[in-house]
Structure formats: C-alpha cells, structure tokens
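See structure below.
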Amino acid sequence: SKVIYLILQEFSEHKDDYKTFAQNIYQAKLLAAEINQYQLEMFCDLLIGYAYSKAGAKKKAEIIFNDVLENSQKSAIFNTTVLAKYFISQLKVEKSEIDEALQLVNECLAQLQKYNNRSKIIYVLFEKLFIEIVKSQKMENIDVDSEEQKLALATSGGKLARLIG
C-alpha cells in the first residue's frame with residue numbers, strides 16, 4: 001500500500017512537474033521491486049514513460065512503453081499489457097501516427113470485449129481514446145453517437161463516470 005500511496009501522492013502534488021513526478025515514481029518503483037511487486041513495478045515504469053512523453057522525450061517514452069509491453073507479455077500479465085498498449089496508442093496519437101493508434105485501440109477494444117470487459121476501467125480508457133481520435137480526425141464513417149452510448153453504458157452506475165468527463 002505504500003507504493004500505491006506514493007503514486008497517488010505524486011498525482012496530487014506533481015502531476016504537472018513531469019521531472020519531479022518521474023523521479024518520485026522511480027522511488028515508488030524501487031520500493032515495489034524491493035517487495036517483489038513486479039506488476040506495480042511495471043506500472044511505475046509506464047508512469048515514468050508517461051512523464052517523459054509529457055516532458056517531450058517521446059523516443060525515451062516509446063522505449064519504456066515497448067519494454068513494459070514486452071515484459072508484461074512474457075509474464076502474461078494482461079492488465080499491464082493492455083495498459084502499455086494504451087500508453088503506446090496515446091503516444092502514437094501525439095506523434096500523428098493516427099492509423100497505427102486506431103489499429104492498436106481497436107485490437108485492444110476487441111480483446112477487452114472478448115474477455116467480457118473484466119478490466120472495465122481499461123475498456124473505458126480505450127473507448128474514450130477511440131472517440132477522441134475519431135472526433136479529432138473527423139471520421140464520418142464511424143458513428144460517434146453509438147460509441148458514446150457504449151461509453152455511457154460502460155460507466156453507468158457512476159463509478160467510472162468521472163473518467164469520461
């Protein structure tokens with residue numbers, strides 16, 4: 001719980017100071033490694049990559065995301081694998097690699113639906129990203145209203161509604 005506390009603390013105190021955020025998340029990663037929490041350690045790596053991406057070091061972020069993806073796939077850690085793909089998708093959008101981002105998002109949405117949305121929060125993140133891409137690219141061949149209804153249905157009950165705000 002100390003690792004999770006450190007992560008949450010960074011989001012509340014340093015979410016816009018990416019250098020400090022990454023340095024402090026690295027400390028949480030070391031703690032996770034020390035207590036053999038491999039999945040949390042990889043999650044910390046994703047957050048460090050996110051900080052690099054936001055700070056403009058896109059190549060370094062990409063290397064981190066791909067490393068986490070490879071390691072999580074080898075270890076068969078589903079949630080970390082799809083989270084890595086989420087961060088990679090976001091990075092592809094930022095780099096204007098829209099087709100590659102959409103392909104990855106669609107693959108993950110299909111995979112999440114195949115497993116009956118066991119990871120509902122991850123499904124919501126991907127569905128929201130899909131809608132943002134479609135709207136930003138003005139893709140008229142995709143029914144955005146239908147996608148937004150799927151998102152609203154996935155967040156009904158209020159627990160995940162703040163994610164779509």
Side-chain angles (χ1 to χ4, degrees), residues 3-4 6-11 14-137 139 142 147 151 154 160 163-164:
V3 175
I4 293 171
L6 290 172
I7 292 169
L8 292 174
Q9 183 178 0
E10 287 313 301
F11 274 108
H14 300 291
K15 65 181 177 188
D16 294 324
D17 178 0
Y18 299 114
K19 183 178 179 182
T20 302
F21 180 87
Q23 290 171 342
N24 292 343
I25 292 295
Y26 182 74
Q27 295 305 312
K29 174 191 169 163
L30 293 177
L31 179 59
E34 187 177 304
I35 59 174
N36 299 316
Q37 293 296 316
Y38 188 55
Q39 192 168 358
L40 267 176
E41 187 180 350
M42 285 192 293
F43 181 67
C44 288
D45 279 335
L46 289 173
L47 293 177
I48 292 166
Y50 169 80
Y52 277 119
S53 174
K54 291 300 181 185
K58 307 272 188 229
K59 187 65 180 167
K60 192 163 189 167
E62 184 176 20
I63 290 167
I64 292 170
F65 296 152
N66 285 322
D67 187 50
V68 171
L69 177 61
E70 183 181 323
N71 289 329
S72 64
Q73 286 174 326
K74 284 180 187 174
S75 301
I77 303 173
F78 178 76
N79 286 341
T80 305
T81 297
V82 262
L83 279 175
K85 290 179 180 181
Y86 175 78
F87 283 106
I88 292 168
S89 299
Q90 279 192 320
L91 187 61
K92 287 187 179 299
V93 169
E94 291 171 17
K95 292 169 55 178
S96 298
E97 297 174 1
I98 303 303
D99 290 340
E100 294 91 343
L102 269 176
Q103 181 179 352
L104 193 54
V105 168
N106 281 326
E107 287 172 10
C108 289
L109 282 170
Q111 193 174 25
L112 288 162
Q113 288 171 340
K114 177 182 173 186
Y115 292 111
N116 201 23
N117 295 343
R118 283 187 290 167
S119 301
K120 197 173 224 180
I121 190 168
I122 298 172
Y123 173 81
V124 168
L125 289 172
F126 272 104
E127 186 67 36
K128 184 177 178 196
L129 181 58
F130 179 75
I131 291 168
E132 289 171 3
I133 293 170
V134 168
K135 283 182 173 181
S136 72
Q137 299 300 307
M139 297 177 169
I142 297 174
E147 295 301 323
L151 185 58
L160 299 175
L163 285 176
I164 64 170

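Within a 6.0 Å sphere centred on CZ of Phe130, other residues, nucleotides and ligands contribute more than 12 heavy atoms. With a 6.0 Å radius and a threshold of 12 heavy atoms from other residues, nucleotides or ligands, Lys58 has its NZ atom above the threshold.
The list of salt bridge (Lys or Arg N to Asp or Glu O under 4.0 Å) pairs with a residue in residues 29-43, not counting sequence neighbours, reads Lys29-Asp45.
Residues Phe126 and Leu104 have side chains not in contact (no heavy-atom distance under 4.5 Å, counting atoms from C-beta outward). Tyr38 places none of its side-chain heavy atoms less than 4.5 Å from the side chain of Thr80. In this structure, Tyr26 and Leu30 have side chains that are in contact, with non-hydrogen atoms separated by less than 4.5 Å. Under the 4.5 Å side-chain criterion, counting only non-hydrogen atoms from C-beta, Val134 is not in contact with Glu147. Residues Ile4 and Leu40 meet the side-chain proximity criterion, which asks for heavy atoms closer than 4.5 Å.
Heavy-atom minimum distance, Met139 versus Ile98: CE-CG2, 4.1 Å. Minimum interatomic distance between Phe21 and Leu47 (heavy atoms only, all atoms of both residues): CE2-O, 3.7 Å. Contact between Ser53 and Leu91 at its shortest, heavy atoms only, is OG-CD1, 3.5 Å. Nearest approach of Val93 to Ala101, heavy atoms of both residues: CG2-CB, 3.7 Å. In terms of heavy-atom proximity, Val68 sits nearest to Ala84 at CG1-CB, 4.2 Å. Cys108 and Lys85 make their closest contact through SG-CD, 3.4 Å (heavy atoms, listed as atom of the first residue, atom of the second, distance).
With values rounded to the nearest 0.5 angstrom, Leu46 atom CG is found 9.0 Å from Ile64 atom CD1. One finds the CE atom of Met42 at 5.5 Å from the OG atom of Ser72 (value rounded to the nearest 0.5 Å). Atom OH of Tyr86 is separated from atom CG of Asn79 by 14.5 Å, given to the nearest 0.5 angstrom. From Ile133, atom CD1 reaches atom OG of Ser89 across 6.5 Å, with rounding to the nearest 0.5 Å. Asn24 contributes atom CG, which lies 11.0 Å from atom SG of Cys44 (distance to the nearest 0.5 angstrom). Here the CD atom belonging to Gln37 is positioned 9.5 Å from the CG atom belonging to Leu31, to the nearest 0.5 angstrom.
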Worksheet item: Run the salt bridge (charged side-chain N to carboxylate O under 4.0 Å, His left out) check on Glu62 and Lys95 step by step: do they pass?
Response: CA-CA 11 Å; Glu62 184 176 20; Lys95 292 169 55 178; 3.1 Å; yes

Practice prompt. Just do the side chain to side chain donor-acceptor pair (under 3.5 Å) check on Gln111 and Glu107 with the steps written out, would you?
Written response: CA-CA 6 Å; Gln111 193 174 25; Glu107 287 172 10; over 6 Å; no

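With sequence neighbours left out, Phe43 forms a ring pair (Phe, Tyr, Trp, His ring centres under 6.0 Å) with no residue at all.
In this pair, Tyr18 and Tyr50 present their aromatic rings perpendicular. The plane angle is above 60°, beyond the 30 to 60° band.
Counting only distance, with no hydrogens or angles, the side chain of Asp67 and the backbone of Ile63 share no donor-acceptor pair below 3.5 Å.
For the residue pair Glu94 / Gln90, no side-chain donor-acceptor distance below 3.5 Å is found, with atom types taken as modelled.
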